[in-house]
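Taking it in order: structure first as structure tokens, then the write-up.
Note: hydrogens, waters and symmetry copies are ignored here, and every other heavy atom, side chains too, is used.
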Amino acid sequence: MKTDRLLALLSILSETDKITVQELSSRLEVSRRTIFRDLESLGRAGIPVFSFIGPGGGVSILDSYKLKYKVLSTDDKEKIYTALRGLRSIDNDSSVTHLIAKLVPEQESAVFSQSDCVIDLSSWFDDSIIHKKISFLRSAIQARSLVRMEYVSRSSHGVRIIEPHKLVFKQSCWYIYGYYRRKNAFRLFRLSRIASLETLDESFTPRSFASIPFPQGCGADFCHGEGESSPHKKSPVPPYQVRLEYHISDEFELTKTFDATYFQRSPDSSSHLGHICFQTWDLDFAEKLVFGLLDKVRVISPPQLSQQIRCRLEKIIPLYKGDT
């Protein structure tokens, strides 16, 4: 919005002695022509804008219109900048760009070089389905529109009508937190399980809630994909100690599923085998995890897990008998 951009422009001019139109254009990510029009708008609003021509020239405003204090330290600005860039990476919202310009008066490149952390929530792919869903749901949240979605749950593939309240990024997955009317309760829905989305004509009044609960089993602690149960789900009995054998040539591919801290290399440098070790109270979870990696890992222990894998294979093999 133009108003947001004008406020960002005024904020920059308030904290700088002099700045070029090109620098303003870069900071606000608009054309030089737009900056000239915005400067004219500030002048018509009674803000005294001065231009200095020649080498070292630029634009400035009268000192009496400038803020004489700074609330944010450089460290504060670095943290804000990092967080805002992470937010902007979702859909490149121009209002976030204007906010960055207002709160972080230094050149973006200078602040970025000082920061020790980068948050980028965007996809590796330009046509990310998840980010299309994010953009759709953000619009629905802002418009307070009911959303009808086709959703794949553990027990069914059906329709859910929700009041969308918050987009949530947890570990490596996006969720929508909304009020599910049929259950009269808030629910957390994973975006990758939404098959289709549409807004309804009916609007809703936002409901209050203290915080967003993250129940055990919402996602696996060491997997990029969501597990139906957490490997660390507590139980009165001791956990199973799972040990998987793998060939070191597959190690990189296996890090797509397991965190590298679970890998153990043999002390024998000539060995081409390694082990993945973790504990879990849920063998069904471990079975699903291992079964997706059958050509890359072999179960060493516990024997119960090996037996579950064999039983599952015995059910699958007859399905392919006679195929050529």
Side-chain angles (χ1 to χ4, degrees), residues 82 85-86 88-90 112-113 115-134 152 154 168-175 190-194 214 216-233 239-313 316-317 320:
T82 301
R85 277 185 63 94
R88 189 173 62 177
S89 69
I90 299 173
F112 182 80
S113 65
S115 178
D116 56 5
C117 181
V118 176
I119 300 173
D120 192 332
L121 304 177
S122 63
S123 170
W124 291 106
F125 306 101
D126 292 336
D127 59 346
S128 168
I129 295 174
I130 291 293
H131 281 193
K132 290 177 181 177
K133 293 177 182 178
I134 290 171
V152 180
R154 185 199 296 264
V168 179
F169 185 81
K170 177 72 172 177
Q171 187 169 310
S172 59
C173 300
W174 280 99
Y175 301 83
R190 181 168 164 170
L191 264 58
S192 64
R193 289 181 173 157
I194 298 175
F214 293 99
Q216 281 283 353
C218 210
D221 281 353
F222 57 93
C223 302
H224 287 290
E226 182 182 12
E228 296 300 330
S229 301
S230 167
H232 301 298
K233 184 178 179 181
Y240 294 99
Q241 304 295 324
V242 178
R243 189 175 183 86
L244 310 176
E245 185 179 75
Y246 70 94
H247 194 278
I248 60 175
S249 62
D250 291 322
E251 194 168 69
F252 178 77
E253 286 299 313
L254 288 169
T255 58
K256 295 178 180 178
T257 302
F258 295 96
D259 190 276
T261 57
Y262 291 89
F263 289 65
Q264 295 179 1
R265 285 285 192 94
S266 171
D268 180 3
S269 59
S270 63
S271 174
H272 297 293
L273 299 177
H275 293 93
I276 300 171
C277 302
F278 62 92
Q279 63 180 26
T280 181
W281 281 269
D282 190 346
L283 275 189
D284 290 336
F285 164 79
E287 178 194 338
K288 293 175 184 177
L289 189 68
V290 172
F291 207 82
L293 303 166
L294 279 181
D295 62 333
K296 291 183 171 58
V297 300
R298 182 171 72 92
V299 177
I300 303 299
S301 63
Q304 299 96 317
L305 181 57
S306 295
Q307 181 61 34
Q308 286 187 210
I309 295 293
R310 281 195 293 270
C311 289
R312 193 168 180 180
L313 285 171
I316 292 175
I317 291 174
Y320 295 91

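- Nearest heavy atom pair, residue Gln241 against residue Ser301, reads O-OG, 3.5 Å.
- Of all heavy-atom pairs spanning Tyr240 and Gln304, the tightest one is CE2-NE2, 3.6 Å.
- Taking the six-membered ring where the residue is Trp, the centroids of Phe169 and Tyr175 are separated by 6.0 Å or more.
- Side-chain atoms of Asp282 come within 3.5 Å of backbone N or O of Phe285 as a donor-acceptor pair.
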Can you check side-chain contact (heavy atoms from CB on, under 4.5 Å) on Arg312 and Lys288, steps first, answer last?
-> CA-CA 10 Å; Arg312 193 168 180 180; Lys288 293 175 184 177; 4.3 Å; yes
Thr280 vs Phe278, side-chain contact (heavy atoms from CB on, under 4.5 Å): CA-CA, chis, key distance, verdict | CA-CA 7 Å; Thr280 181; Phe278 62 92; 4.2 Å; yes
Could you walk me through whether Leu254 and Tyr246 pass side-chain contact (heavy atoms from CB on, under 4.5 Å), step by step?
-> CA-CA 9 Å; Leu254 288 169; Tyr246 70 94; 3.6 Å; yes
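- The nearest pair of heavy atoms linking His131 to Trp174 is NE2-NE1, 4.4 Å.
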Evaluation steps, side-chain contact (heavy atoms from CB on, under 4.5 Å), between His275 and Leu244 | CA-CA 5 Å; His275 293 93; Leu244 310 176; over 6 Å; no
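- Note that the SG atom of Cys173 and the CD1 atom of Ile130 stand 8.5 Å from one another [nearest 0.5 Å].
- Although no hydrogens or angles enter the test, the distance criterion places a donor-acceptor pair under 3.5 Å between the side chain of Lys133 and the main chain of Ile194.
- Here the straight-line distance linking atom CZ of Arg243 with atom CD1 of Ile276 works out to 11.0 Å at 0.5 Å rounding.
- Using a 4.5 Å heavy-atom cutoff, the side chains of Val242 and Gln279 are not in contact.
- Of all heavy-atom pairs between Ser271 and Ile248, the closest is O-CD1, 4.2 Å.
- The closest side-chain heavy-atom distance from Ser306 to Ile309 is not below 4.5 Å.
- Note on Glu253 versus Lys296: no salt bridge recorded, every NZ/NE/NH1/NH2 to OD/OE distance being 4.0 Å or above.
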